[in-house]
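Have a look at the structure below, then the notes.
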Amino acid sequence: MTKPLENRVALVTGASRGIGRAAAKALAAAGAHVVLVARTVGGLEEADDEIRKAGGSATLVPLDLKDFDALDRLGASIFERWGRLDAFLANAGVLGAVTPLAHLEPKVFDDLMGVNVTANWRLVRSLDPLLRCSDAGRALFVSSGVARKHIPYWGGYAMSKAALESLALTYAAECEGTNVKANLLNPGPVRTSMRAKAMPGEDPETLPPPEALGPLIVDMLSPSYRKNSELVTFKRHD
Ligand code: NAP
């Protein structure tokens, strides 16, 4: 049986752990060659091992997403090697600090905006021509439920995700009438290190593991997914 992403090229940011790593494994199992981006080489290598053991293939790109010029070079390298990009999972993110706005350190705020917003805009800028070279380019941006709420102490992270949603939906509007579709995913609470940092008192075993999101992410990055400008919230089924 043909796999949904057979012979397709997918890029995943934040692939060294958590949701990104699980998504990369699911995309590779669905047939895609996955380009894995994160800073932690060990985490990328572990993801690569897991993907190979399952019969898939990956290319590792260790980089800091705040090295914005490297994101331009990444687009150029993908173009040279494959001439297109079929799927882009904009997953990497940082939580910053859960603290009153008045206490948020400027360097923490800059990191939130740099990773969660500017890097994603720079990736859109770098990868949009490649997605348009695909017969069905798909971009999926990982947001959060807090983007549309105004919860005390979550302001830095919430602002960054609200800006990300604006970026993603504007990009989607610009893609109307083309082969490219851009959508948003709210994963809900997931058992990862970011969630543990945000909610240290919570029992992680009560949360779905990141692998639970794999099928939805594969679906939303497949050529058969034709919706655009959607915000989909993950619902666990166990
Ligand atoms: P995580 O376990 O902390 O993983 C974050 C990933 O982002 C890591 O692979 C990390 O890689 C990468 N990253 C962070 N800063 C980076 C940088 N400067 N350059 C390159 N890569 C960087 O988080 P997660 O829970 O899987 O979160 C994934 C996405 O889901 C995020 O956008 C998050 O906001 C969103 N989300 C998560 C939850 C949840 O409950 N877990 C809920 C709502 C939304 P390195 O550290 O190796 O660079």
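One-based numbering, in listed order, for ligands and for the atoms of each.
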I need the single residue from Val37, Thr59, Leu36, Val61 that forms a side-chain contact (heavy atoms from CB on, under 4.5 Å) with Leu44. Which is it? Leu36
contact_flag Gly43 ligand 1 heavy-atom lt 4.0 Å: no
Looking at atom 44 (C) of ligand 1, what's its closest protein heavy atom, distance included? Ser143 O, 3.1 Å
For atom 11 (O) of ligand 1, what is the closest protein heavy atom, and at what distance to 0.1 Å? Ser16 OG, 3.0 Å
Provide, to 0.1 Å, the distance between atom 6 (C) of ligand 1 and the closest protein heavy atom, together with that atom's residue and name. Gly14 CA, 3.6 Å
Flag yes if more than 12 heavy atoms outside Phe79 fall under 6.0 Å of its CZ atom; otherwise flag no. no
Within the structure provided, determine whether Leu27 and His33 are in side-chain contact (heavy-atom separation under 4.5 Å). no
Which of parallel (below 30°), tilted (30 to 60°) and perpendicular (above 60°) describes Phe141 and Tyr171? perpendicular
Short side-chain to backbone donor-acceptor contact, Asn120 and Asn116, under 3.5 Å: yes
What residue and atom, counting heavy atoms only, is the protein's closest point to atom 34 (O) of ligand 1, and at what distance? Tyr157 OH, 2.5 Å
Kindly compute the distance separating CZ (Arg8) from OG (Ser134), expressed to the nearest 0.5 Å. 4.5 Å
Proximity to ligand 1 by part of Ala119, non-hydrogen separation under 4.0 Å: neither
Just checking Arg52: does its CZ atom have more than 12 heavy atoms from other residues, nucleotides or ligands closer to it than 6.0 angstrom? no
For ligand 1, is there an N or O atom under 3.5 Å from any N or O atom of Thr192? yes
Considering only heavy atoms of Val94, which atoms of ligand 1 have at least one such atom less than 4.0 Å away? 14 (C), 15 (N)
Touching ligand 1 at all, Pro210? Heavy atoms, strictly under 4.0 Å? no
Supply the atom-to-atom distance Met199 CE to Thr206 OG1, rounded to the nearest 0.5 angstrom. 11.0 Å
Minimum side-chain heavy-atom gap Thr13-Leu123 below 4.5 Å: yes
Working to the nearest 0.5 angstrom, can you tell me the gap between Leu85 CG and Arg81 CZ? 12.5 Å
Working note: Leu5 + Asp86, criterion side chain to side chain contact (heavy atoms under 4.5 Å, CB included); need CA distance, chi angles, decisive distance, verdict. CA-CA 9 Å; Leu5 293 172; Asp86 301 302; over 6 Å; no
Which of the atoms in ligand 1, numbered in the order shown and given with their element, are less than 4.0 Å from a heavy-atom of Val142? 29 (C), 30 (O), 32 (O), 35 (C)
Have a look at Arg21, Lys66, Arg39 and point out the one with the heavy atom closest to atom 16 (C) of ligand 1. Arg39
For Ser143 and Asn186, test the side chains for any donor-to-acceptor distance below 3.5 angstrom and give the result as yes or no. no
Sub-4.0 Å atoms of ligand 1 with respect to non-hydrogen atoms of Leu63: 19 (N), 20 (C)
When you measure from atom 38 (C) of ligand 1 to each heavy atom in Ser144, Pro189, Ala147, Gly188, which option holds the nearest one? Gly188
For ligand 1, is Gly114 a contact, meaning one of its heavy atoms is under 4.0 Å away? no
Of all protein heavy atoms, the one nearest atom 4 (O) of ligand 1 is Arg17 NE, 3.5 Å
Answer yes or no: does an N/O atom from Val37 fall short of 3.5 Å to an N/O atom of ligand 1? no
List the closest protein heavy-atom neighbour of atom 31 (C) of ligand 1: residue, atom name, distance to the nearest 0.1 Å. Asn91 O, 3.2 Å
Answer side chain, backbone, both or neither: which part of Leu65 comes under 4.0 Å from ligand 1, heavy atoms only. both
Could you list the atoms of ligand 1 found under 4.0 angstrom from a heavy atom of Ser193? 1 (P), 2 (O), 3 (O)
Interatomic distance, NZ@Lys53 vs CG@Asp48, rounded to 0.5 Å, equals 10.5 Å
Distance under 4.0 Å to a non-hydrogen atom of Gly18: what atoms of ligand 1 satisfy this? 2 (O), 26 (O)
So which pairs with a foot in residues 16-45 pass salt bridge (charged side-chain N to carboxylate O under 4.0 Å, His left out), sequence neighbours left out? Arg21-Glu46, Arg21-Glu50, Lys25-Glu50, Lys25-Glu211
Roughly how far apart are Asp69 CG and Leu74 CG, rounded to 0.5 Å? 12.5 Å
Tell me whether Glu105 at atom CD has more than 12 heavy atoms from other residues, nucleotides or ligands lying less than 6.0 Å away. no
Report yes if some N/O of Thr40 lies less than 3.5 Å from some N/O of ligand 1; otherwise report no. yes
Report yes or no: does a heavy atom of Lys161 sit under 4.0 Å from some atom of ligand 1? yes
Would you mind listing which atoms of ligand 1 come within a distance below 4.0 Å of any non-hydrogen atom of Gly93? 5 (C), 7 (O), 14 (C), 31 (C), 32 (O)
Please state which part of Pro187 comes within less than 4.0 Å of ligand 1, counting heavy atoms only: side chain, backbone, both or neither. side chain
To the nearest 0.5 Å, tell me how far Glu230 CD sits from Met220 CE. 7.0 Å
Numbering as shown, the atoms of ligand 1 that approach Asp64 to under 4.0 Å (heavy-atom distance): 17 (C), 18 (N), 19 (N)
Heavy atom of Val146, distance to ligand 1 below 4.0 Å: no
For atom 23 (O) of ligand 1, grab the closest protein heavy atom and report residue, atom and distance to one decimal in Å. Met194 CB, 3.4 Å
Tell me the protein heavy atom at minimum distance from atom 40 (O) of ligand 1, and give that distance in Å. Val190 N, 2.8 Å
Which of the ligand 1 atoms, numbered from 1, are nearer than 4.0 Å to a heavy atom of Val115: 15 (N), 18 (N)
